[in-house]
Amino acid sequence: MGLLALAAIILALMIFGPLRGTTNSDFPDAWQPDDTNTIPPCPSSPNCVRLSIPVQTPADEFILEARQALERMNAESIQRDPESLSIEAIFKIPIFGFRDNFDIRISNSGPDGGSIIHIASRSNEGYSDLGVNRRRVLGFLQELSITNPNL
């Protein structure tokens, strides 16, 4: 296979495949940010996702479960603020050493006594993240057994 063919395959994976950049459109409309989401919006570049997801778990329980999930995912640092129901974590990209932010805010206004979790995962450097933030959010949701049939 020639170098040109290999470059075409890599480019196709970056545009259409699992290596494309992360955007909110990667997730269901029901999970898009709502009016209670206080996490700053994503930039226009494809290296960030920001979601609002209703869950059945009360906020004070969810923040503990979220921290444990981030620990299992090997976050480099995790800072939890139980008063504001928020977590700020940092993940280090192994080969390149880039650091990405993962923020969680929890509001008590969820359905049936549950919560609404607001999540943002964003790259601090570069234009595209090659899908890293999308995969990180999906991994976090999987750790907490939060699924959506559309994903």
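Predicted, not measured: the structure shown is a model, and the values here were computed from it.
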Rounded distance [0.5 Å steps], OG in S121 versus CG in D100 | 6.0 Å
So, E65 side chain and L144 main chain: donor-acceptor pair closer than 3.5 Å or not?
-> no
Value rounded to 0.5 Å, distance of CD1 in I78 from CG in L70 = 5.0 Å
Hey, could you give me the CD/CZ distance between E143 and R72, rounded to the nearest 0.5 Å?
-> 4.5 Å
Which pair of heavy atoms, one from D129 and one from G131, lies closest together, and at what distance?
-> OD1-N, 2.8 Å
Is it true that V49 and I146 fall in one hydrophobic cluster, defined by side-chain heavy atoms closer than 4.5 Å?
-> yes
Any side-chain heavy-atom pair of V137 and F102 under 4.5 Å = yes
Could you tell me whether the side chain of N124 and the main chain of R99 form a donor-acceptor pair under 3.5 Å?
-> yes
Just by distance, with hydrogens left out, do T38 and H118 show a side-chain donor and acceptor under 3.5 Å apart?
-> no
Whether S115 side chain and I106 backbone form a donor-acceptor pair below 3.5 Å | no
Does the side chain of S123 pick up a donor-acceptor pair with the side chain of N133 at under 3.5 Å?
-> yes
Straight-line distance of L51 CG to I116 CD1, nearest 0.5 Å | 12.5 Å
From F91 CZ over to E76 CD, what is the distance, rounded to the nearest 0.5 angstrom?
-> 10.0 Å
Heavy-atom check, side chain of L85 versus side chain of N108, under 4.5 Å | yes
Side chains of L141 and I119: closer than 4.5 Å at any heavy-atom pair?
-> yes
Approximate separation, where rounding is to 0.5 Å, of S52 OG and N24 CG = 9.0 Å
Any side-chain heavy-atom pair of N101 and I90 under 4.5 Å = yes
Ring pair (Phe, Tyr, Trp, His ring centres under 6.0 Å) partners of F62, counting only residues at least two apart | none
Q142, CD atom: more than 12 neighbouring heavy atoms under 6.0 Å = no
Do other residues, nucleotides or ligands put more than 12 heavy atoms under 6.0 Å from the CD atom of Q79?
-> no
Please examine the side chains of R80 and L64, heavy atoms only from C-beta on, and report whether any two atoms are closer than 4.5 Å.
-> yes
Identify the two heavy atoms, one from F27 and one from Q32, that lie closest to each other, and give their separation to 0.1 Å.
-> O-NE2, 3.4 Å
Got a donor-acceptor contact below 3.5 angstrom from the R50 side chain to the R122 backbone?
-> no
